[in-house]
Amino acid sequence: MEYKFSHIEKKWQQTWKETNAYKVSNDSDRPKYYVLDMFPYPSGAGLHVGHPLGYIASDIFARYKRLKGFNVLHPMGYDAFGLPAEQYAIDHGIHPAVSTDNNINNFRQQLDNIGFCYDWDREIRTSDPGYYKWTQWIFLQLFHSFFNRQTKKAEPIAELVKVFEKEGNAAHPCPGDSSIKFTAQLWAGFDQAQQMDILMEYRLAFCGYGEVNWCEALGTVLANDEVINGVSERGGFPVVKKKLRQWYLRITEYADRLLEGLERIEFSDAMKEMQSNWIGKSYGAEISFAFKPHDGKLTSAEAKLTVYTTRPDTIFGVDFMVIAPEHDWIETITTPDQKQAVEDYIAYVKSRSERERMAEKKISGVFTGAYVLNPFDGREIPVWISEYVLAGYGTGAIMAVPCGDERDHKFARHFNIPITNIIGGHYNGEEANPTKDAILENSGFLNGLVMREAMVVSIDKLEELGIGVRKVNYKMRDAAFSRQRYWGEPFPIAWKEGVAYPLAESELPVALPDLEEIKPGVEGEGPLSNLPEWIKSSPIGGERESSTMPGYAGSSWYFLRYMDPHNDGTFCDRKVSDYWGQVDLYIGGTEHAVGHLLYSRMWTKALYDLGHIGFDEPFKKLVNQGKIGGDSRLIYRVRGTNEFVSVGLKDQYETDELHVDVTIVDGLELDVEAFTNSRAEYANATFVLEDGKYICGSRLEKMGKRYFNVVNPDDIVAKFGADTFRMYEMFLGPVEQDKPWDTKGIEGVHRFIKKFWRLFYDEVKGQVWNTEQPTDAEFKVLHRTIKKIEEDTERFSFNTAVSTFMICLNDLTDLKCNKKDILQPLLVLLTPYAPHVTEELWQLLGNTSSVLNAAYPTFEPKYLVESNKEYPISVNGKLRTTINIALDAPQEDVERIVLSNDVIQKWMEGKPHKRVIYVKGKMVNVVI
RNA sequence: ACCCCGGUGGCGGAAUCGGUAGACGCGCUGGACUUAAAAUCCAGUCUGCAGUAAUGCGGGUACGGGUUCAACUCCCGUCUGGGGUACCA
């Protein structure tokens with residue numbers, strides 16, 4: 001009986017489907033376990049062998065947990081809204097709903113080949129109205145909420161209104177605009193529009209005018225993390241700053257909790273680092289400097305310039321101030337003499353695109369003519385404008401300390417501003433030194449203090465004098481939440497006379513209307529603005545919001561919907577989310593570090609605050625799978641000819657390098673016939689061979705269409721079977737590591753499965769398994785394997801688990817063991833890795849129920865108990881011999897045995913030993 | 001520029017807490033079976049030296065130092081590959 005994988009795999013996939021083997025109930029006595037994959041965006045290109053890596057890992061773990069007695073939730077769905085489908089529609093005239101559907105069907109087929117244990121009854125698609133109804137609903141919850149800084153949580157904005165009515169906003173400073181201050185009386189006097197405007201500055205989902213990343217080519221706004229080096233992440237188009245009306249999420253209010261939450265979840269250090277860098281918390285002070293009045297507009301001595309600094313200890317080293325080109329006060333403080341120069345400079349800054357600013361960081365700036373006074377020594381400090389100070393961070397103004405800050409130093413040098421040295425020998429006059437360890441000089445009351453201490457002393461003094469205050473700042477900005485795009489969730493919002501009104505929950509979902517042709521609306525509006533009837537169809541009157549939500553909206557909460565996917569009364573029943581709770585294991589790539597993984601954490605916290613769920617971190621543990629690289633094949637064409645030369649001879653010619661499709665290369669040898677048939681232009685190509693073969697060059701690079709190095713999992717499964725494919729992907733190396741794909745190596749794993757099969761059935765002899773009583777040696781092999789597989793699986797070390805199976809098989813082959821009592825438990829161990837072949841053999845052993853529900857074998861230490869060990873014996877740390885010693889031998893006995901050993905005596909050369917290090921069960925080291 | 005992660009045979013990688021470096025697999029070499037091939041099986045495979053051999057001795061985990069009885073593992077510095085951030089005061 002032969003191992004016919006394609007027959008076996010199809011049969012069991014069919015059976016599992018028919019018997020609903022993967023259906024998961026929300027009602028179970030067993031402990032729960034939630035294993036989640038980052039759901040894919042169904043792109044038109046389909047899957048290559050790199051994509052399923054994480055899915056296989058999670059599938060193995062889900063199956064393992066199930067065997068271990070857990071009720072395991074392991075769902076899959078599609079992140080179906082997004083730019084590429086829309087771009088494809090524009091380019092090819094195919095509706096995004098149609099192309100997305102096709103792509104999903106294709107994905108599904110590819111996934112099904114691999115034999116995953118997803119409960120497909122729970123499939124979700126973010127573009128499904130039954131799903132995005134709840135995305136819109138959550139948006140409304142955020143819209144109706146504000147972040148109470150006293151309780152540090154989201155609360156209904158209706159509560160805030162009650163407070164305003166009673167006592168104004170003194171206790172709740174406005175996060176959107178800190179200059180908004182009012183009493184209860186004033187509040188009562190505002191009309192509805194004014195009140196709505198004020199509340200908008202508090203809402204967690206809010207609309208405002210702001211500088212946004214505008215991409216002309218895509219006709220949309222992009223979030224910061226969708227912009228890479230001044231161009232769009234998708235497509236690489238230029239991005240400029242533009243002021244537009246946009247929706248935002250007030251994620252900055254959650255900065256501290258997002259930071260704090262990292263301590264309670266298992267993410268890799270690298271991931272946590274990325275998130276906390278992105279949040280960018282810094283401690284410092286805001287300090288106000290009084291202006292020196294001048295004969296321009298700045299006549300009042302009351303005016304103060306407030307700066308943010310992390311180094312208040314350097315306040316005596318301030319030689320100039322710099323404000324951002326967008327700073328509100330520029331007009332007021334500029335002197336008549338400098339007016340022209342300042343205007344010219346602002347014009348110059350505006351003319352520079354984001355890209356130019358990034359590419360050439362030129363030192364530029366202009367003097368305003370104004371001065372501020374150092375609050376401690378009254379020194380006059382000139383105020384400059386420069387683009388290196390950002391309007392959006394801190395107060396948009398800095399105090400420049402050239403001896404301690406590199407940028408300030410360069411600026412001072414460039415404009416010949418005299419530099420004050422407050423750190424003595426730590427400053428060499430050539431470059432700034434940002435040390436905190438120098439003893440301060442030229443620093444008034446701070447003289448003689450170490451900078452670290454002076455930081456505290458100076459802030460205390462500033463606070464005492466009322467000219468400064470401790471201040472925490474974050475780099476993170478509020479997240480832009482609207483896109484001028486078609487293929488996304490419409491907002492449940494209507495505009496009336498410039499005021500945004502939410503739709504009632506009963507109006508949801510706001511269905512995405514059909515659109516014949518997708519093209520941008522006027523003046524930065526989205527394609528939906530081209531549908532006037534729809535725009536005017538709001539149930540509360542006014543005009544509908546024409547932009548749509550960004551890609552991360554649907555993915556911010558999808559893990560909750562899987563728990564209760566068909567509920568049309570609520571996004572997820574509270575009882576159900578209480579049962580499943582957090583995602584126990586989340587597997588996906590690192591590329592979502594500062595996007596999806598931050599947004600979903602924020603949404604979870606908001607939903608928790610508002611009492612809709614019972615946990616405030618979505619993912620308990622995150623594993624980042626590495627990328628699988630492509631192994632490209634290269635051929636060399638003699639320049640200007642149609643002649644191709646084998647790699648070993650290419651240096652004798654002047655050649656051009658071309659990629660050749662990996663599927664027509666065996667190892668490094670090109671299938672010349674397949675190549676000449678591949679394209680008309682190669683039909684009469686000629687070849688210079690080595691040893692009768694055309695040998696290709698090779699290079700490791702990203703797997704992608706343009707390198708012709710894409711390996712389709714379908715082909716691998718067809719040739720070797722899903723079980724081999726699954727195990728080989730795991731065998732390649734640690735899941736978290738990037739690694740190259742090598743189709744050649746798969747043979748080894750395939751041989752393993754075939755050989756494993758032969759423990760049960762032989763092609764010639766037929767059944768070879770038997771019911772004989774196993775020996776102790778055989779039990780030892782089994783239990784050693786149980787122990788190792790369990791340990792390796794638990795720590796996601798799937799590559800070593802596969803090798804453990806191989807070692808076990810080699811041992812059993814050596815022992816000529818075909819005994820059912822050994823083989824049957826082994827099948828269960830192997831099931832998570834290779835479910836099809838194990839199910840087949842399980843049934844052939846006479847079992848009637850599925851191996852999916854088998855009991856996981858219990859490790860019994862008694863089979864591994866040893867009385868002796870072959871100890872490695874070193875002399876001065878160098879291994880010299882091994883001696884078999886009883887494990888329970890006391891130190892004295894071990895010393896006696898070791899010191900009397902011939903080999904050891906030889907190496908001791910008659911010298912006395914200083915001591916003997918004996919690590920029980922490990923080794924012995926004699927020190928002389 | 002700053003921050004993070006990595007660097008081990010021809011290749012993918014193993015060594016889980018500082019305790020016999022190179023497990024397992026690929027590839028390669030030789031052999032068995034075969035008319036032949038495939039498949040399968042057996043043996044060898046970090047490196048230098050000595051030996052017919054069993055084996056013995058030395059070197060070796062990017063490089064240079066250090067800690068330790070003992071370092072792939074910990075510390076300092078350098079080189080190098082990858083990722084993140086991008087004037088954040």
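Numbers restart at 1 for each chain; the letters A, B, ... are given by sequence-line order, proteins then strands.
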Is it true that the side chains of [X] and [Y] contain a donor and an acceptor less than 3.5 Å apart?
X	Y	answer
Y474(A)	D256(A)	yes
T306(A)	E286(A)	no
Y761(A)	E2(A)	no
T800(A)	S803(A)	no

Which of the following nucleotides, [options], is nearest to the side chain of [X]?
X	options	answer
R795(A)	U16(B), G27(B), G13(B)	U16(B)
M274(A)	G84(B), A23(B), G13(B)	G84(B)
E273(A)	A89(B), C3(B), G19(B)	C3(B)
F731(A)	G12(B), G82(B), C69(B)	G12(B)
D792(A)	A89(B), G19(B), U16(B)	U16(B)
E791(A)	G12(B), U16(B), C69(B)	U16(B)
V389(A)	A89(B), C26(B), C41(B)	A89(B)
K869(A)	C87(B), A70(B), U20(B)	U20(B)
I807(A)	C24(B), C87(B), C69(B)	C24(B)

Under 4.0 Å between a side-chain N/O of [X] and OP1 or OP2 of [N], yes or no?
X	N	result
Q737(A)	G13(B)	yes
R751(A)	C26(B)	yes
W907(A)	C57(B)	yes
N799(A)	A14(B)	yes
S282(A)	A89(B)	yes
R758(A)	A39(B)	no

Once you round it to whole Å, what is the distance between [atom2] of [N] and [atom1] of [X]?
X	N	atom1	atom2	result
Y283(A)	A89(B)	OH	P	13 Å
E747(A)	C28(B)	CD	C1'	15 Å
K755(A)	C42(B)	NZ	C1'	11 Å
N277(A)	C4(B)	CG	P	9 Å
F798(A)	G12(B)	CZ	C1'	18 Å
Y728(A)	G13(B)	OH	P	10 Å
K627(A)	C5(B)	NZ	P	17 Å
H592(A)	G83(B)	NE2	P	17 Å

Residue among V307(A), V318(A), V383(A) satisfying side chain to side chain contact (heavy atoms under 4.5 Å, CB included) with V372(A): V383(A)

Per the side chain to side chain contact (heavy atoms under 4.5 Å, CB included) rule, which among D408(A), T420(A), V401(A) passes with T314(A)? V401(A)

G9(B), syn or anti by chi within 90 degrees of zero: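 That one's syn.
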
Any idea if C74(B) is syn or anti, going by the 90°-from-0 cut? anti

Base-pairing mate for [N] - Watson-Crick or G-U, with both contacts under 3.5 Å:
N	result
G12(B)	C24(B)
G77(B)	C63(B)
G58(B)	U47(B)
A39(B)	none
C2(B)	G84(B)
G19(B)	C69(B)

So does S364(A) get a backbone contact from the side chain of S386(A), meaning a donor-acceptor N/O pair under 3.5 Å? yes

Let me spell it out: for each of V927(A) and T813(A), pick the nucleotide of RNA chain B with the closest heavy atom. Which residue's pick is nearer the 5' end?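 With V927(A) and T813(A) compared, the 5'-side residue is T813(A).
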
Starting at the 5' end of RNA chain B and moving along, which residue's nearest nucleotide shows up first, T804(A) or R915(A)?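 Of the two residues, T804(A) wins.
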
[M] and [N], which share atom name [atom1], separated by this distance in whole Å:
N	M	atom1	value
A86(B)	G19(B)	C1'	45 Å
C26(B)	U35(B)	P	27 Å
U20(B)	A70(B)	P	15 Å
U29(B)	C2(B)	P	49 Å
U47(B)	G60(B)	C1'	7 Å
C33(B)	C24(B)	C1'	27 Å

Assign [X] to base, sugar-phosphate, or nothing according to its heavy-atom contacts below 4.0 angstrom with the strands shown.
X	result
N810(A)	sugar-phosphate
M806(A)	sugar-phosphate
K920(A)	nothing
L732(A)	sugar-phosphate
N473(A)	nothing
K475(A)	base
K754(A)	sugar-phosphate

Suppose we screen for side-chain contact (heavy atoms from CB on, under 4.5 Å). Which residues come up paired with N868(A), at least two apart in sequence or across chains?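 For N868(A) the side-chain contact (heavy atoms from CB on, under 4.5 Å) partners, ignoring immediate neighbours, are N884(A), A886(A).
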
The test is salt bridge (Lys or Arg N to Asp or Glu O under 4.0 Å); show your working for R915(A) and E895(A) and say whether it passes. CA-CA 9 Å; R915(A) 59 179 165 142; E895(A) 286 193 24; over 6 Å; no

Can you say whether a donor on the side chain of K878(A) sits under 3.5 Å from an acceptor on the base of U20(B), or the other way round? no

Acceptor/donor pairs from residues 737-747 of chain A side chains to any protein atom, 3.5 angstrom cut, sequence neighbours excluded:
residue	atom	partner	partner atom	Å
D738(A)	OD1	K627(A)	N	2.7
K739(A)	NZ	P734(A)	O	2.8
K739(A)	NZ	Q737(A)	O	2.8
W741(A)	NE1	T743(A)	OG1	2.6
D742(A)	OD1	K744(A)	N	3.1

